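The block underneath contains the structure these notes are about, expressed in structure tokens.
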Amino acid sequence: MTRPHDMGGRYGDGPVIPENENLRFKEDWHARALAVTLASGSLGQWNIDISRHAREKLSPTDYARFSYYEKWIAGLADLLVHSGVVDPREYAGADPVPSPLADRALRAQDVDKVLATGGPADRPSQVPQLFSVGDAVKTRKVAANCLVDGGHTRLPRYAAGMRGRIVRFHGTHVLPDSAAHRLGDAPEPLYAVAFRAAELWAHPEHPEDEVVLDLWQSYLVADA
């Protein structure tokens, strides 16, 4: 199932209007939204792929009308309930329920250390590397999760069934299609793949421009 976020090159949505990159937060509450999201993630109840999937599976209506950080908060609210961290009745105004995760709450003095640690996604893998820099490849025809019907994937719809070339090998990394559904890390080779704009879209403004996507090996086949 195609999600509303997967809209690259779709007709009728108008031009992309860049925002001021020197402005860190457009509204004061945006900083709080980011902080609450990171602090909640430190509870260890989900990974980055689960949280990304939560935002991308918002209803099309909500996804279209919400701002960037409204999507973050809406996805986080769903995650907190589905993970059992927050009782739905608390959202309705009931008194907070004591949480067994209280001891894991991120303390102010630990924030710098936690952020510096980050969340590396590189993992050892038994999956052999099939491609090298310069190899011609083709993505699978359908941008769908092969493990979960309607599930999460990082293969964009506009790049499905397209020809490109390997420009970089990133090593082996957690497969989002698996990790987003709590099916394990399933690490495999990850590549940067370059596609000509003329390959991706029928009427690109600059046909010789290239789009570079990070794609997992199971998304690709050799293009003879």
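The structure displayed is predicted, hence computed values, not measured ones.
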Over all atoms of both residues, closest heavy-atom pair of [X] and [Y]:
X: G184; Y: S178; result: O-OG, 2.7 Å
X: R182; Y: S83; result: NH2-OG, 3.7 Å
X: A202; Y: Y11; result: CB-OH, 4.1 Å
X: A143; Y: A160; result: N-CB, 3.8 Å
X: E70; Y: R65; result: OE1-O, 4.1 Å
X: P124; Y: P187; result: O-CG, 3.2 Å

Gap between atom [atom2] of [Y] and atom [atom1] of [X] - 0.5 Å precision:
X: T37; Y: R32; atom1: OG1; atom2: CZ; answer: 12.0 Å
X: Q45; Y: R104; atom1: CD; atom2: CZ; answer: 5.5 Å
X: E27; Y: S67; atom1: CD; atom2: OG; answer: 8.5 Å
X: L175; Y: H181; atom1: CG; atom2: NE2; answer: 10.0 Å
X: L200; Y: M162; atom1: CG; atom2: CE; answer: 6.0 Å
X: D78; Y: L58; atom1: CG; atom2: CG; answer: 6.5 Å

Between R163 and F195, does a side-chain contact (heavy atoms from CB on, under 4.5 Å) hold up when you go through it step by step?
CA-CA 7 Å; R163 291 182 167 85; F195 300 86; 5.9 Å; no
Are [X] and [Y] in one and the same hydrophobic cluster, where Ile, Leu, Val, Met, Phe, Trp and Tyr link if side-chain heavy atoms are under 4.5 Å apart?
X: V81; Y: L76; value: yes
X: Y158; Y: L220; value: yes
X: V127; Y: W216; value: no
X: V174; Y: L183; value: no
X: V97; Y: Y91; value: no

Check: [Y] main-chain N/O paired with [X] side-chain donor or acceptor under 3.5 Å:
X: E56; Y: H53; result: no
X: S51; Y: I48; result: yes
X: D6; Y: R157; result: yes
X: T139; Y: A159; result: yes

Salt bridge (charged side-chain N to carboxylate O under 4.0 Å, His left out) assessment of K138 paired with E199
CA-CA 11 Å; K138 189 174 182 180; E199 170 74 11; over 6 Å; no
Do the charged groups of R123 and E188 touch, with an N to O distance under 4.0 Å?
no
Would you call D49 and R52 a salt bridge, using N to O less than 4.0 angstrom?
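Yes, D49 and R52 are salt-bridged.
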Are there more than 12 heavy atoms of other residues, nucleotides or ligands under 6.0 Å from atom [atom1] of [X]?
X: D112; atom1: CG; answer: no
X: D28; atom1: CG; answer: no
X: R10; atom1: CZ; answer: yes
X: E205; atom1: CD; answer: no

D177 and T153: side chain donor to acceptor below 3.5 Å:
yes
If the condition is ring-ring contact (aromatic ring centres under 6.0 Å, His included), which residues does Y69 pass it with, not counting sequence neighbours?
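Here the qualifying residues are H30, W72.
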Evaluation steps, side-chain contact (heavy atoms from CB on, under 4.5 Å), between L215 and L190
CA-CA 6 Å; L215 300 175; L190 175 68; 5.5 Å; no
Let's go through D214 and H170 carefully: what are the C-alpha distance in whole Å and the side-chain angles of both, what is the deciding distance for side chain to side chain donor-acceptor pair (under 3.5 Å) to 0.1 Å, and is it a yes or a no?
CA-CA 9 Å; D214 287 337; H170 289 302; 2.8 Å; yes
Over 60° means perpendicular and under 30° means parallel, so tell me whether F131 and Y191 are parallel, tilted or perpendicular.
perpendicular
Going through the checks in order, is the side-chain contact (heavy atoms from CB on, under 4.5 Å) test met by L115 and L38?
CA-CA 9 Å; L115 293 181; L38 294 177; 4.0 Å; yes
Taking it one step at a time, do V221 and R140 satisfy side-chain contact (heavy atoms from CB on, under 4.5 Å)?
CA-CA 7 Å; V221 295; R140 62 190 186 208; over 6 Å; no
